[in-house]
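Right, I'll just put the structure down here and ask away after.
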Amino acid sequence: MAAFTSTAASSEAETGLTMVTRAALEADPHAVLARHREITPLIRVDDGVVMLLRARDVQALVTDPRLRQVETEFARLRGITAGPLFDFFQQTVLLSNGEVHRRRRTPIARTFAVQVVAALRPRIRALAEALVAEQVPRGRMNLLADYASPLPARAIGLILGLPERDVPDFTRWVYAMSRALTSTWQPSDLPEAEEATRRLTEYVDDLVKQRRRAPQDDLISAMVPLIEAGDPDEAAETRMQIVSLILAGSDTTRAALAIQTGLLLTHPAQWEAVCRDEALIPGAVAEALRFEPAVGSFPRFTLAAIALDGGVLPAGALVSFSTLSAMRDPALYVDPDVFDLRRSDHPRWHMVFGGGAHRCLGEALARIELEEGLRALTTRLPDLRLDAPLTVRGSAAIRRVDELPVSWRTPGG
């Protein structure tokens, strides 16, 4: 840990990289990133991370073999070297490479294939419509907690066979645990994150035991033979992939659904357009993911120095591929600071989902949840309005929306 921190915290004079404080980034990330992106391809943050800023570099290097996915470096940088949370970092498919990554990803990849997930759209639509119907008589809600949170959690519950009654518990653990993956992480968050990781891991252990006794038609039951066939370490690793799916399937889509609704309501003409024409929904989802992404970056680790136009990405660096910056890059997008659901210059592969072997496994599921989540709102609550401005926190990794109060006219009101 000491050696890594010493290398990561090298001064601007030693590395030739412009140093930026995390505090400045958190205060106004778009402005700070835009200012630096114009003059340099990368910056070093005072927490030891190097940020890659330009779209062409993010697109080109995401599959470059001179970089790998981070493993436990991210945890160690934050002082996490043992315990339940460290075990997650060490065993999850999200942070692994090579043959280990293939071994962890293969058993779950088929479940998230585009065709398989597409067949779930009617059920996800029904979930979204039911959630909206529950809220309609109230006339107001915290859209984040009352709608954006339960929809993806119930959807991942469909795939894994999780009882709906368990949704409040496992989502609470997920949100506490995922703070370790945000740019707003504080050491004081560690005890709650550790406890949440322990509780979620124990919850998955209980689910596996239940499926062993009474198999169902779900992914956990399909993974039981793999757990039983391996030694204790391999069995623990396989169970951790279920933990990873619950985490990844619940958190980022929650924020993205709240953000896209807030953005559209902040731009009333575009909200009204979507309400009139549901064919605009996929474009609205794609543009919201670009304009204010729920995932502001994804991490990599450099195995060699890499020359860029205007700088050198140093070897042995923990790198943040800043989608937050790249998706506002005027070299790729026309008027990138304008929110436009009819935008026609999105690249074929949306950067928010990463790329290469580590491209988001749940991309197809997330798009369906976001589209159906928006469709249910525009259909049932076209007069929806914001009761407070949308605020998105975080300059990298998983970003946060604390709450999003909205209201509407009730039937007969």
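Here the structure is a predicted model, which means the values were calculated and not measured. Below, each value reflects all heavy atoms present in this structure, side chains not excepted, and no hydrogens, waters or symmetry copies.
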task: Could you tell me whether Asp345 and Arg343 have a side-chain N and a carboxylate O separated by less than 4.0 Å?
output: yes
query: Donor-acceptor pair, Glu26 side chain versus Ser395 backbone, under 3.5 Å?
result: yes
- request: Please name the residue in the list Val117, Leu245, Ile220, Leu365 that meets the side chain to side chain contact (heavy atoms under 4.5 Å, CB included) test with Ile159.
  value: Leu365
- prompt: Hey, is Glu363 close enough to Arg367 for a salt bridge, meaning N to O under 4.0 Å?
  reply: yes
- prompt: Quick one: does Ser325's side chain have a donor or acceptor within less than 3.5 Å of a partner on Leu53's backbone?
  reply: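 Checked: pair present.
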message: Check this for me: does any side-chain nitrogen of one of Asp189 and Arg179 sit under 4.0 Å from a carboxylate oxygen of the other?
response: no
message: Strictly distance-based, threshold 3.5 Å: is any side-chain N or O of Arg290 a donor or acceptor partner for the main-chain N or O of Met327?
response: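 A pair under 3.5 Å: yes.
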field: Salt bridge flag under 4.0 Å for residues Arg103 and Glu234
entry: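 Glu234 and Arg103: not salt-bridged.
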With Phe291 via ring pair (Phe, Tyr, Trp, His ring centres under 6.0 Å) - residues at least two apart: Phe339
Check ion pair Arg54-Asp309 (N to O, under 4.0 angstrom): no
query: Between His346 and Tyr333, how do the two ring planes meet: parallel, tilted or perpendicular, split at 30° and 60°?
result: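 Ring orientation of His346 relative to Tyr333: perpendicular.
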- request: Identify whether the distance between the nearest side-chain nitrogen and carboxylate oxygen of Arg300 and Asp64 falls below 4.0 Å.
  value: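 No, no charged N to carboxylate O under 4.0 Å.
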message: Run the side-chain hydrogen bond (donor to acceptor under 3.5 Å, both in side chains) test against Glu164 and tell me which residues pass, sequence neighbours left out.
response: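 In terms of side-chain hydrogen bond (donor to acceptor under 3.5 Å, both in side chains), with neighbours along the sequence ignored, Glu164 is linked to no residue.
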Approximate separation, where rounding is to 0.5 Å, of Asp57 CG and Leu308 CG: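 Taking CG in Asp57 and CG in Leu308, the distance rounds to 4.5 Å.
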task: Give a yes or no on whether Arg123 atom CZ has more than 12 heavy-atom contacts from other residues, nucleotides or ligands under 6.0 Å away.
output: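 No.
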task: Can you sort out the partners of Phe353 under ring pair (Phe, Tyr, Trp, His ring centres under 6.0 Å), two or more places apart, ordered by chain and number?
output: none
- prompt: So does Arg199 pair up with Asp169, basic N to acidic O under 4.0 Å?
  reply: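 A salt bridge is absent here (no side-chain N lies under 4.0 Å from a carboxylate O).
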